[in-house]
Amino acid sequence: MKVKINKEKCVMCGSCVALCPEVFEMKDDGTVDVKAEYQGKDIEDGVLVDKIKQAVAACPTAAIETEE
Ligand code: SF4
């Protein structure tokens with residue numbers, strides 16, 4: 001699964017970071033993004049994929065975009 005954050009939709013609530021800190025991070029300037037190591041990567045770890053799905057479900061603005 002590939003994952004990215006639509007910056008125009010993200011309201012920086014931090015829910016995805018709380019649910020899956022392995023993949024999402026809040027930067028010093030308060031913006032939230034996928035960690036560099038996972039940007040554009042096909043994430044195959046089932047545990048991480050489940051956590052990403054939880055983050056997608058929890059995101060209030062549907063800003064997390066995934067691709068199988
Ligand atoms: S849960 Fe959604 S709105 Fe909140 S920080 Fe993450 S991507 Fe942004």
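Remember, it's 1-based here, ligands and their atoms both numbered in the order they're listed.
Pairs passing the side chain to side chain donor-acceptor pair (under 3.5 Å) check and including a residue from residues 4-23, sequence neighbours excluded, read N6-E65, K7-D33, E22-K51.
When hydrophobic clusters are built by joining Ile, Leu, Val, Met, Phe, Trp and Tyr residues whose side-chain heavy atoms come closer than 4.5 Å, directly or via intermediates, V17 is not grouped with L19.
Environment of CG in D29: crowded, with over 12 heavy atoms of neighbouring residues, nucleotides or ligands closer than 6.0 Å.
Put simply, the residue from E25, K2, Q39 that forms a side chain to side chain contact (heavy atoms under 4.5 Å, CB included) with V34 is Q39.
Within ligand 1, counting atoms from 1 as listed, the ones closer than 4.0 Å to a heavy atom of T61 are 3 (S).
For atom 6 (Fe) of ligand 1, the set of protein N/O/S atoms nearer than 2.8 Å consists of C16 SG, ordered by chain and number.
The distance from atom CZ of F24 to atom SG of C10, rounded to the nearest 0.5 Å, is 10.0 Å.
Considering only heavy atoms from C-beta on, V11 comes within 4.5 Å of P60 through its side chain.
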